[in-house]
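Data first, discussion second: the structure below is written as structure tokens.
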Amino acid sequence: MSREVEFFEVKGYPLMIFRDEGKERIWLAGCPHKRRPLSNSQVSGKVIRCPFHGAEFDLSSGRLVKPPDSKTPCPNDCSLVEVKLVNGEPLFSREPFVPSLPRKE
Ligand code: FES
């Protein structure tokens, strides 16, 4: 079984490509919970775990498999944003966002 996740950037958006047995899915590398980067996430099999509040997503479907451990609930559409690259341009399955780190106060 061969699976891998690779991170890259297109047009200012951090993306991640998940390869699983010859199939590829591309996702925005951002957590929909609080729009944090997923670039330093732990990946186990098909599941990526957000390092901020522990939400887990299935990299083959984009679905949330474990909600965040946070008082702030995930927004209604708490799934990964899918990306298709067409002539090098990213097309997003819904409104994308640029993930960012929390501000220091
Ligand atoms: S930002 Fe990812 S779980 Fe909260």
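In listed order, ligands and their atoms are each counted from 1.
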Q) Is there side-chain contact between Arg94 and Pro32, with at least one heavy-atom pair below 4.5 Å? A) yes
Q) Which of the numbered atoms in ligand 1 are below 4.0 angstrom from a heavy atom of Pro68? A) 3 (S)
Q: Mark up the atoms of ligand 1 that fall under 4.0 Å of a heavy atom belonging to Ala55, in ascending order.
A: 3 (S)
Q.
Taking Leu59's backbone N and O only, do any of them form a donor-acceptor pair with Trp27's side chain (distance below 3.5 Å, no angle check)?
A. yes
Q: Step through the shown structure and confirm whether more than 12 heavy atoms of other residues, nucleotides or ligands are within 6.0 Å of CD on Glu24.
A: yes
Q. Got a salt bridge between Lys84 and Glu82, using NZ or NE/NH1/NH2 to carboxylate O under 4.0 Å?
A. yes
Q | Lys34: numbered ligand 1 atoms lying under 4.0 Å from its heavy atoms | A | 1 (S)
Q.
Under a 4.0 angstrom heavy-atom cut-off, which atoms of ligand 1 come close to Arg36?
A. 1 (S)
Q | Heavy atoms from other residues, nucleotides or ligands near CD of Gln42 exceed 12 (cutoff 6.0 Å) | A | no
(Q) Would you say atom 4 (Fe) of ligand 1 has His53 as a near neighbour, meaning an N/O/S atom of that residue under 2.8 Å away? (A) yes
Q | Heavy atoms from other residues, nucleotides or ligands near CG of Asn40 exceed 12 (cutoff 6.0 Å) | A | no
Q) With a cut-off of 4.0 Å, which atoms of ligand 1 are near a heavy atom of Cys50? A) 1 (S), 2 (Fe), 3 (S)
Q: Answer yes or no as to whether an N/O/S atom of His33 is found below 2.8 Å from atom 4 (Fe) of ligand 1.
A: yes
